[in-house]
Every structure is written in C-alpha cells, then in structure tokens.
Amino acid sequence: MTDKQKRVYKITSLIPLGFVLTYKKLAQLSGVKNPRVVGNILHKNTDPQNIPCHRVVHSDGSLAKNYAFGGIKKQEEKLEKEGIEFVNGKVKLSKHLWKIKN
DNA sequence: ATTAAGGCATGAA
DNA sequence: GTTCATGCCTTAA
C-alpha cells in the first residue's frame with residue numbers, strides 16, 4: 001500500500017460521526033492531485049470497518065453513483081443513521097462538512 | 001440540466 | 001517497462 005493510500009484511508013477514518021467530507025477536500029488533505037484518485041482508492045478499499053467511505057461525498061453533497069459497499073441507498077441509509085440530514089437527496093454540506101481545525 | 005474535457009493513480013495486458 | 005482502460009470526480013461551458 002502506498003503512502004497516498006494510507007493518508008487517504010487515515011483521513012477518511014478520522015471523519016467524525018455526523019460529518020462528511022468531499023472528495024476534493026479529502027484529496028487535498030491527503031496530498032492527492034485529483035479527487036478522482038481518491039474515489040478510486042476508496043473504491044478498492046479493503047477495510048470498510050475502518051474506512052467509512054459513506055462519509056465521503058461529491059462536491060455538491062450528492063452521493064457517489066457506484067458506492068462500493070451496498071449501493072447508494074445503503075450509503076444514504078448509513079448517513080441518515082448517523083444523524084446527517086439530506087436535502088434533495090444531497091447531504092447538507094453547509095452543516096455537515098467536516099472542517100479540520102488547524 | 002447535460003456534456004465535455006481535464007488529469008492521474010491503479011491494475012491488467 | 002509501457003501502453004490502455006477505468007474510476008465513489010470537478011469544473012467549466
């Protein structure tokens with residue numbers, strides 16, 4: 001596993017309950033150039049237990065089209081279960097976007 | 001809203 | 001080693 005992947009997974013696993021992160025943000029936080037790569041990495045994640053990829057969403061708050069772990073429905077389900085609000089099938093980013101402190 | 005183009009890590013051939 | 005396809009994307013037109 002490469003360093004990038006580690007960072008991506010690490011950060012993803014650090015997302016607090018009730019918050020989400022966009023691919024773009026996650027990308028820049030982990031030092032990856034393109035958000036696409038992040039998606040790719042998350043897609044072949046092997047440890048869903050520690051990697052809550054359902055907390056990672058698109059820039060506009062919508063969910064990924066091919067959620068690798070049970071489908072987009074499951075993802076939404078999980079998010080709601082964690083207290084994340086949906087509006088128009090999108091996450092309320094303004095409220096649930098994870099802002100890193102420092 | 002839909003389409004097109006950008007850009008790159010990963011894996012198979 | 002390199003080329004090609006693919007992807008949980010983003011932004012701009």
Side-chain angles (χ1 to χ4, degrees):
Chain A
M1 184 178 292
T2 78
D3 236 36
K4 281 194 266 296
Q5 291 183 333
K6 284 185 190 171
R7 282 198 296 276
V8 172
Y9 289 141
K10 184 78 172 287
I11 296 176
T12 306
S13 67
L14 288 181
I15 303 177
L17 196 147
F19 284 88
V20 297
L21 207 51
T22 68
Y23 290 100
K24 188 168 190 249
K25 278 287 187 187
L26 181 53
Q28 48 196 50
L29 283 177
S30 55
V32 187
K33 329 290 187 292
N34 277 23
R36 199 161 203 176
V37 178
V38 174
N40 213 337
I41 291 175
L42 287 181
H43 187 218
K44 357 187 178 5
N45 86 73
T46 49
D47 199 356
Q49 310 283 348
N50 282 317
I51 305 170
C53 20
H54 56 276
R55 292 187 192 146
V56 185
V57 298
H58 285 204
S59 300
D60 58 354
S62 58
L63 302 181
K65 63 175 177 65
N66 295 325
Y67 180 53
F69 208 66
I72 186 170
K73 306 236 172 203
K74 277 284 184 180
Q75 184 176 4
E76 183 175 338
E77 212 173 285
K78 291 183 179 189
L79 289 173
E80 282 181 332
K81 207 171 60 177
E82 295 182 354
I84 291 178
E85 301 175 44
F86 275 81
V87 178
N88 296 52
K90 294 182 181 179
V91 175
K92 251 191 187 179
L93 277 186
S94 47
K95 182 169 182 181
H96 295 291
L97 180 61
W98 184 36
K99 305 122 189 138
I100 297 188
K101 318 180 171 68
N102 290 331

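None of the values given here were measured: they were computed from a predicted structure. Chain letters run A, B, ... following the sequence lines, proteins first and then strands; every chain starts at 1.
For A:Lys4, whose side chain is taken as the heavy atoms from C-beta onward, the closest listed nucleotide among B:dA9, C:dT10, B:dC8 is B:dA9. Nearest to the side chain of A:Asn34, among C:dG7, B:dC8, C:dC9, sits B:dC8.
Within the structure, a side-chain polar atom (N or O) of A:Thr2 is placed less than 4.0 Å from OP1 or OP2 of B:dT10. Close to B:dA9, at under 4.0 Å from its OP1 or OP2, lies a side-chain N or O of A:Lys33. A close approach under 4.0 Å does not occur between any side-chain nitrogen or oxygen of A:Lys44 and OP1 or OP2 of C:dC8. At the phosphate of C:dC8, neither OP1 nor OP2 sits under 4.0 Å from any side-chain N or O atom of A:His58.
When heavy atoms are screened at a 4.0 angstrom cut-off, A:Gln75 is found touching no nucleic acid atom at all.
Going from atom NZ of A:Lys25 over to atom P of C:dC9 covers 19 Å, rounded to whole Å. Here C:dC9 presents its P atom at 15 Å from CG of A:Leu93, a figure rounded to the nearest Å. As rounded to whole Å, 13 Å separates atom C1' of C:dA12 from atom NZ of A:Lys24. A:Lys78 has its NZ atom 13 Å from the C1' atom of C:dC8, to the nearest Å. Between A:Ile41 atom CD1 and B:dC8 atom C1' there is a gap of 10 Å when expressed in whole angstrom units. At whole-Å resolution of the value, CD1 in A:Ile51 and P in C:dC8 are 15 Å apart. The distance between atom CG of A:Leu26 and atom P of C:dT10, rounded to the nearest whole Å, is 10 Å. Atom C1' of nucleotide C:dC8 and atom OH of A:Tyr9 are separated by 12 Å, given to the nearest angstrom.
In this structure, CD1 in A:Ile15 is found 9.5 Å from SG in A:Cys53, a value given to the nearest 0.5 Å. Expressed to the nearest 0.5 Å, how far NZ of A:Lys74 lies from CG of A:Leu79 amounts to 12.5 Å. Separating the OH atom in A:Tyr23 from the CG atom in A:Asn40 is a distance of 11.0 Å, to the nearest 0.5 Å.
With a glycosidic angle no further than 90° from 0, C:dC8 counts as syn.
With both pairing distances under 3.5 Å, C:dC8 is matched to nothing as a Watson-Crick or G-U wobble pair.
Minimum heavy-atom separation, A:Ala27 to A:Pro35: CB-CA, 3.8 Å.
Sequence order on DNA chain B of the closest nucleotides to A:Pro35 and A:Asn40 puts A:Pro35 first from the 5' end.
Counting non-hydrogen atoms of other residues, nucleotides and ligands closer than 6.0 Å to CG of A:Asp60 gives a total above 12.
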